[in-house]
Amino acid sequence: MLRAALRAWYALRQLELRRHRRPLDSPVTRSGDPRADRVLVVGNGFTHGWDVDSHRQALTGRLAEAVADRTGRGCDLDVVGAESMNMRSSLAWVGDRDLAEFDAVVIAVGLNDALRRTPVPDWERGLGALLSSVVPRLRPDAGVLVVGIPPVRALPAYDGIAARLAEAHRDRLNAAATWQAELHGVAHLDIPEFTLDSRGRLTAAAVYAQLGSRIAGELAPALVAARPDPEPRAPQADPLWQWSGLEEVVAEAAKGGTPVLRRLAETAQKTFKVELAVVSLVNGDRLYYGNNTDVMPASVPLDLSFCRYTVAEEAPVIIPDVRADDRFADNPLIDLSFMNFYAGYPLRATDGTVIGSFCLQGSRARSGDAVPLEALRGLALQAEAELRRFEKPVQPPAPTGEAYSFEDASARS
């Protein structure tokens with residue numbers, strides 16, 4: 001019963017935190033140094049950046065700075081994950097990313113598993129599956145560091161009774177992490193406590209600085225040993241966007257989405273009495289959101305999403321009770337979100353390709369006819385028209401030979 005109550009509390013807390021201070025920029029650092037070490041962080045909780053305004057002030061920036069200070073060269077860092085990622089879903093978040101381009105992977109997952117009292121065997125299986133997939137995909141000279149779950153109460157966003165209840169369970173999960181790291185032959189770092197300032201206080205900025213420094217202390221020597229005299233490398237490639245308007249829509253989503261998409265979402269939430277209405281857009285193995293990113297992450301693994309079925313079927317999909325649907329029986333994202341109802345309508349690019357969906361998500365299961373399809377279709381078509389504004393014109397193909405001449409053709413005839 002305690003775990004059920006904590007799971008419900010966590011889902012409610014995510015809705016409450018939509019107005020909480022956090023970074024709106026991307027959790028990525030680029031040093032501009034062609035010799036830079038490349039580090040991938042798979043994380044949630046302390047990697048999210050609660051209570052600071054930029055990821056440069058959060059763990060992303062602090063860790064990159066601390067590594068660079070110790071190695072004498074740049075550190076380019078990418079973060080994979082979100083508050084809606086737990087250990088069981090972490091492998092799906094890594095997805096099909098090419099890990100051979102990274103010099104190290106840092107795994108810092110587990111805050112919400114401690115808060116929600118995820119059973120230790122389940123958590124240990126999730127970490128084992130993640131390590132079993134990640135380690136073989138790295139170069140032989142690249143390393144993996146598993147970071148233990150820091151004291152939960154150090155994050156003001158979660159401090160309180162739930163954080164105090166989570167401490168003992170955190171210790172159990174960390175013991176399992178130590179064992180899994182040893183089993184897979186990778187490094188492990190425990191974070192028992194943080195240092196208070198002279199007034200006995202601990203700010204979020206200080207937490208990120210201390211955490212970045214401790215991780216860098218373990219990471220930097222291994223990076224230098226693996227690449228003692230690094231050769232310059234070409235810059236990392238930018239993401240490939242399958243639909244021409246997606247990059248700009250995702251940039252708008254970081255600010256909440258365009259005014260039109262925000263208005264349509266608010267209208268849908270009021271009309272259909274659901275907690276969330278979002279525009280989702282598919283790109284490779286990821287699903288990006290075009291609005292409501294104060295609640296939703298910027299993207300989620302496509303395999304874990306509701307909208308994959310709307311996109312695959314290219315038709316409206318209504319799921320009256322998600323938890324009674326076999327397609328979601330083992331979906332960890334459902335366990336975290338507490339969303340029990342889904343309705344989606346496909347969105348198409350100008351050429352007719354289905355690029356995503358306009359969807360509704362509600363915490364209460366309801367009947368299949370609870371959402372009139374014509375009403376949902378009307379809002380979806382308005383969202384579709386707004387998205388098409390961002391499409392880029394198709395460039396004509398480059399000429400492949402001698403230009404065609406009407407005069408020459410006439411003379412030959």
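All values below come from the heavy atoms of this structure, side chains included, with hydrogens, waters and symmetry mates left out.
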Might you point out which heavy atoms bring [X] and [Y] nearest each other, and give the distance in Å?
X	Y	result
T310	P346	CG2-N, 3.6 Å
I319	V322	CG2-CA, 3.9 Å
F341	S367	CE1-O, 4.2 Å

Revision key, fill the gap. side-chain hydrogen bond (donor to acceptor under 3.5 Å, both in side chains) filter on D197, not counting sequence neighbours, yields R201

Interatomic spacing from [atom1] in [X] to [atom2] in [Y] - rounded to 0.5 Å:
X	Y	atom1	atom2	result
R62	L211	CZ	CG	12.0 Å
H184	L127	NE2	CG	7.5 Å
R348	W243	CZ	CH2	14.5 Å
Q242	N283	CD	CG	4.5 Å
L6	R116	CG	CZ	9.5 Å
N291	R263	CG	CZ	12.0 Å

Using atom types as modelled, flag every donor-acceptor pair under 3.5 Å from a side chain in residues 167-177 to any protein atom, sequence neighbours excluded.
residue, atom, partner, partner atom, Å
E167, OE1, R170, NE, 3.0
E167, OE1, R170, NH2, 3.4
E167, OE2, V152, N, 3.0
H169, ND1, R172, NE, 3.4
H169, ND1, R172, NH2, 3.3
H169, NE2, T118, O, 2.6
R170, NH1, I149, O, 2.7
N174, OD1, I149, N, 2.7
N174, ND2, I149, O, 3.2

Review point. With sequence neighbours excluded, what pairs up with W241 under the ring pair (Phe, Tyr, Trp, His ring centres under 6.0 Å) test?
Key: Y288

Which pairs, with at least one residue in [range] and sequence neighbours excluded, count as a ring-ring contact (aromatic ring centres under 6.0 Å, His included)?
range	answer
residues 66-124	none
residues 13-40	H20-W50
residues 254-273	none

Quick one: do [X] and [Y] make a salt bridge, cutoff under 4.0 Å?
X	Y	answer
D103	R139	yes
R35	D229	no
E101	R233	no
D37	R227	yes
R262	E266	no

Check your understanding: For the side-chain contact (heavy atoms from CB on, under 4.5 Å) test, which of I215, T178, V146 pairs with L189?
Key -> I215

**Study point:** Identified side-chain contact (heavy atoms from CB on, under 4.5 Å) partner of T60 from the options E65, H55, H48
**Key:** H55

Run the salt bridge (Lys or Arg N to Asp or Glu O under 4.0 Å) test against [X] and tell me which residues pass, sequence neighbours left out.
X	value
D25	none
D69	none
R214	none
D285	none

When the side chains of residues 352-361 are checked against the rest of the protein, which donor-acceptor pairs come out under 3.5 Å, sequence neighbours left out?
residue, atom, partner, partner atom, Å
T353, OG1, D351, OD1, 2.9
T353, OG1, D351, OD2, 3.3
S357, OG, S280, OG, 2.9

Check your understanding: Under 3.5 Å, is there a donor-acceptor pair linking the side chains of N292 and Q269?
Key -> yes

Point to revise | Short side-chain donor-acceptor distance under 3.5 Å, S213 and R70 | key: yes

When you look at [atom1] of [X], are more than 12 heavy atoms from neighbouring residues, nucleotides or ligands closer to it than 6.0 Å?
X	atom1	answer
L2	CG	yes
R56	CZ	no
E231	CD	no

Review point. What orientation do F328 and Y309 show, parallel under 30°, tilted 30 to 60°, or perpendicular over 60°?
Key: perpendicular

Under 3.5 Å donor-acceptor pairs involving side-chain atoms of residues 252-261, not counting sequence neighbours:
residue, atom, partner, partner atom, Å
T258, OG1, L261, N, 3.2
T258, OG1, E386, OE2, 2.9

